[in-house]
Every structure is written in structure tokens, then in C-alpha cells.
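What follows is a short report on a single structure.
Everything numeric in this text was worked out from a predicted model, so none of it was measured. For the numbers below, each heavy atom of this structure counts, side chains included, while hydrogens, waters and symmetry mates do not.
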Amino acid sequence: MRMDNGVSRIVVFLQNRKPLFGLHSGHPCIGIFFDNDPGFGNGTSAPITPGSNIANLNINADVSALPSGIHQLYVRSQDANGHWSITNRSFFYKTENSTSATIPDNLALEYFFDNDPGFGNGTSAPITPGSDIANLNINADVSALPSGIHQLNVRSQDANGQWSITNRSFFYKTENSTSATIPDILALEYFFDNDPGFGNGTSAPITPGSNIANLNINADVSALPSGIHQLYVRSQDANGQWSITNRSFFYKTENSTSATIPDILALEYFFDSDPGFGNGTSAAITPGSNIANLNINADMSALQTGLHHLFIRSQNAHGQWSITNARLIWKEHIKVLLQGFYAGAYSMQPVLSNQGVSMQTDLTDSLIVEIRDVNAPSTQIASSRVIVQTDGTFTCVFDTDLSQTNSNYYIVIKHRNSLETWSGSSIGSGTTTTYDFTTAKFQAYAGNQREVEPGVWAIYTGDVNQDGVVDGLDYNDWENDSNNFAVGYFSTDLNGDGIVDGLDFIFWEENNNNFIGAAIP
């Protein structure tokens, strides 16, 4: 949505609207309204060309009659069967007409919990005046709040005395206690569309415990009419306190005399911008009604380092497209060499081929790459499993927007028979980067690398049991496999030739004698 300063129209960009299985083709009507819902069909009509896909439609919403200040724009569409879509809502701020495009500085910030005390009556938080305070961190005092669910509300005031939208966030305050014991979850309930009140939903069986994060429940939708609905789920702990109510949209298709689910015939993906249904990159699948556990290799070679969105959707045998699933990813290029696998001339052994795992001769082995907060205790922010090529390069893709971590971070390399190794310096939050461990000793934290030829550095090998040190325990594992004439994919094969023998012992002996261990901040 774009609003030009001092003008009386909003240009609305309808993007990434997610089609659902079962929606009928044709959208002959678009309705828009502001702030208060006048009822289906009573909004302001916007002209469209009828079709099953209006994802990239632009409309001009007339805001000339609105007073300056905060408003809500609502948009919905109607299909050829008379069914209305979900009503999409977006906040915007209409400024007073002005000949100046200067954005006033934010001078004040306040927060409050649960109930609004009125503008200017919240708790003041210190800020440096400016027009952009998007990444500001504040310390909100929760000491006076009782334990349970609360809402934190934050808003700012600019140099013209105008207040921003009040931003709201839910959080849970636990009871003060000398014990860190988390009370067990004893009950779980769900309901659809309208809240019947705590304890009045449909009970779902659970095994009491403090963690039910991966619990699956069967919610009975048989009584619901076809169409769009909301599923709500919440739990109650041993102290009688209810969790936040979690909400999820879903679409129930019309009842049919046949219980057959149409097969999924096609799958496509794309990055960042939607090329239109059927125009994404096709991914090979075996047709079937369930592709929930399907893995695809999305080609990211053309993407620049940094933040991207990966979108995936499928098409069934009726020609209907699924919801477009979005996944936020962060791409980074990294280079690292492994001492035991180093073959000279800036290259490593094709270990996966040598050990009978892969036919490709340009691949060395799998690694785990972690992104960790630079501040103690160096909490893990993201993780990615990758395959390093023989030249030491690989590309990481993280399910985290590293630009929003609000902290510098370390890159951590883990490998099945090498020492855990951290980057020698921290990387700035949101920096798009190519990090090369191989160019200098101190590219690794505390210089914890081995020079494998002049000016070329590699991560130490020999930590077979992954306890952070090369010692006799690793030797025991090597000796056992060597005595059994082990051939294949073994961590004790330190030189990566596919055989556990005396050539691997040489690497262990050198690093053991030099008391080599992991260096961690």
C-alpha cells in the first residue's frame, strides 16, 4: 500500500493473496471500505477484469473524505458463485495536506500493559529523536504485573504532537519462584470461529507434560459448513492458567459422495516475486494425494547473498492450486577446508565418492553450520546442514532473517571427525557475506586452524567422538574400526580415502601430541 503525502488517494497493491483448494473460478467483484464494515456488498466497488487470479491487481482507494490520522483499509472479493473471500485488512496513516514532504522526528515513546491509560499517560521510554526508530530496544518493567498473559503496547509521538499506531504484543509472565520448575500442561481445548469461553471448547486428549509443542490433535470439522474457518487451540497448566489462544485459518471443501482426494500432479517454486500460477520453477514429484514429507532441491545459485523469500505451491488433478507457502531464507557463501581431507592445490578429497555414498566427484562431505549470538552464552540463532564441495565452498540457507537478529553473530562449523571451529571475528547483523576460513590462521577463533600448505588453512581433524578434543577416546574408536578392516562411510576414516587404516592414525597422532582441542568464545 502506498500513500503519497498530501494527496487523497491510496494505491493498493494486492499481492501474495493465497488461493485455496475449492475456491471457484471468476472474481467479478472487489469491495473496499474504511474502518467500519458496511456489510457484504455494501463497500465501494473497484473495477476488475474477471478471472481466477487477481494477485497482482492494483486499485485506487479514494481517501479524500477521511480525516487525517490512523485508519484501516479493508478489501475483499466475490466469486462467480456469490462467495466472498477473507476480508484483508491493512493499517495506514493519512497525513494532513502539506506542501512539505519532510517526515517529522519521533520525540517521545511510551508503553503500557493491558489497558490503555490514554495518550501521553503510559510509561515513558528514553529515545534519541529521529524519523526512524524501527530497531529501537526498550526495557519494559513488568515487576508489578501478576503472572499470566498480558499485552505490551508501544507507541511514539512525533514533533507535530501526533501519535503513532499503538503496536501490541502478547507475552506470558511466569510466577516468581525459587524453583525453575515449569508446571505441566494438563488440558487442551479447541474451537472454531467463535470463542465459547475458557474451558468451554472441545477437549482434546493429551499426556500431561511441560512441553506439548509437537502434539497432533484430530479436530472434528464434520459440523462445519464448507468455506473459510478459523481453528483456535489453547492449553491449561497445573496452576489453572490458560495459554495464549493460537489461531489458524483453513478451508473446508464441500461435502461429496466421494471421499477421494484428488492427486497432486504438479509442484512449483519461486523466489521473492510471484511470476503467476504455472510460471514458477517446476519440481519433480510422484503424483499422489499426500506430498507432506516431500523434499525438493530449489536452485538458489542465481540468488545474491542475503534475505529472500522461497514460495512453494502445488496443483491437483482438478487444476486447483494450493495455498502458496512462504519461507523466509538467508543465503550466505562460506569456504572451509578440512585438514584430513585436504589433497593439495586448494582442493579436498571426493570423500562421499570414496566412501561409497555418492557418485559425484566434486563433493567432499556434509557439515552443520550454525549462526550463534556473539554475546554470552552464544545462543544458536540458526542452523543449516550443507554439502561442502572439494574446493571448500558451499552455500548456507537459514530459516531466519539474520538482518533482524539485532546482534552480531559467529559462524560455527561442525563436522563428523573435525574440531568444532568458530569464525575468528563476529559478523554484523544483517551483513551479506562471503566468509573464507582458508585464507588466514585467525579466520578461525583464536587461530585454531592448521596450515596445510603455505598460506592455506584448514580445520583440525581427529575429533571422532565430537567431545571437543583430540585424545585417546578418539584413538579407541579408530583402533576398533581399523582392527575390523572398516571400509566405507566411517568417521574414523580421517583422510577420507574410504578405508580406516594407519594413514588415518597419522593425523590423530599429530593432533593428539599437540594437545589440539576446540577454541570457543
Side-chain angles (χ1 to χ4, degrees), residues 109 111 123-128 130 132-143 145 150 152 154 156 167 169-174 176-180 182 211 213 305-308 328-336 367-386 394-415 418-437 439-449 457 459-460 463 466-469 517-521:
L109 191 78
Y111 67 89
T123 302
S124 179
I127 65 169
T128 301
D132 184 359
I133 55 172
N135 296 316
L136 179 68
N137 293 324
I138 65 171
N139 290 318
D141 182 8
V142 298
S143 59
L145 294 177
H150 297 278
L152 169 65
V154 183
S156 61
N167 295 281
S169 179
F170 283 96
F171 68 95
Y172 186 91
K173 180 183 176 185
T174 57
N176 291 328
S177 172
T178 56
S179 170
I182 300 173
N211 185 351
T305 57
L307 182 66
H308 299 277
L328 197 65
I329 61 173
W330 184 275
K331 178 180 176 181
E332 292 203 16
H333 294 303
I334 300 176
K335 184 175 183 179
V336 68
L367 304 174
I368 293 176
V369 182
E370 296 177 349
I371 298 299
R372 289 189 171 269
D373 194 324
V374 71
N375 300 306
S378 296
T379 303
Q380 180 178 303
I381 298 171
S383 177
S384 177
R385 181 176 286 276
V386 302
F394 55 91
T395 298
C396 290
V397 178
F398 301 105
D399 291 339
T400 302
D401 179 0
L402 298 183
S403 66
Q404 299 299 316
T405 58
N406 296 319
S407 173
N408 290 354
Y409 56 87
Y410 287 110
I411 299 173
V412 182
I413 305 296
K414 294 183 177 180
H415 175 250
S418 301
L419 279 178
E420 177 179 325
T421 302
W422 294 49
S423 57
S425 57
S426 62
I427 291 90
S429 176
T431 303
T432 57
T433 179
T434 298
Y435 195 90
D436 192 342
F437 281 84
T439 57
K441 178 178 183 178
F442 285 94
Q443 283 294 94
Y445 185 80
N448 202 37
Q449 290 194 105
W457 297 84
I459 292 175
Y460 284 109
D463 185 14
Q466 293 294 283
D467 63 356
V469 63
I520 298 175

Do the non-hydrogen side-chain atoms of [X] and [Y] ever get within less than 4.5 Å of each other?
X    : Y    : value
S423 : Y445 : no
T395 : V386 : no
V369 : V412 : no

Going from [atom1] on [X] to [atom2] on [Y], what distance comes out if it is rounded to the nearest 0.5 angstrom?
X    : Y    : atom1 : atom2 : result
L419 : I413 : CG    : CD1   : 13.0 Å
E420 : Q466 : CD    : CD    : 8.0 Å
H415 : T421 : NE2   : OG1   : 11.0 Å
S124 : I138 : OG    : CD1   : 9.5 Å
Q443 : Y435 : CD    : OH    : 4.0 Å
L109 : I127 : CG    : CD1   : 5.5 Å

**Q.** By side-chain contact (heavy atoms from CB on, under 4.5 Å) - contacts of Q380 (at least two apart)
**A.**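 In terms of side-chain contact (heavy atoms from CB on, under 4.5 Å), with neighbours along the sequence ignored, Q380 is linked to E370, R372, S383.
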Q. Run the side chain to side chain contact (heavy atoms under 4.5 Å, CB included) check on D141 and T123 step by step: do they pass?
A. CA-CA 9 Å; D141 182 8; T123 302; over 6 Å; no
How far apart are the closest heavy atoms of [X] and [Y], and which atoms are they?
X    : Y    : value
S384 : C396 : OG-CA, 4.2 Å
D463 : S418 : CB-O, 3.9 Å
Y111 : N139 : OH-O, 3.9 Å

Q: Check the pair D373 / Y410 against side chain to side chain contact (heavy atoms under 4.5 Å, CB included), numbers first and verdict last.
A: CA-CA 6 Å; D373 194 324; Y410 287 110; over 6 Å; no
Q. Got a donor-acceptor contact below 3.5 angstrom from the N448 side chain to the G517 backbone?
A.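 Yes, N448 side chain to G517 backbone: donor-acceptor pair under 3.5 Å.
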Q: Run the numbers on L367 and F394 for side chain to side chain contact (heavy atoms under 4.5 Å, CB included), then give the verdict.
A: CA-CA 10 Å; L367 304 174; F394 55 91; 3.7 Å; yes
Q: May I have the step-by-step check of side chain to side chain contact (heavy atoms under 4.5 Å, CB included) for S378 and W422, ending in yes or no?
A: CA-CA 11 Å; S378 296; W422 294 49; 3.8 Å; yes
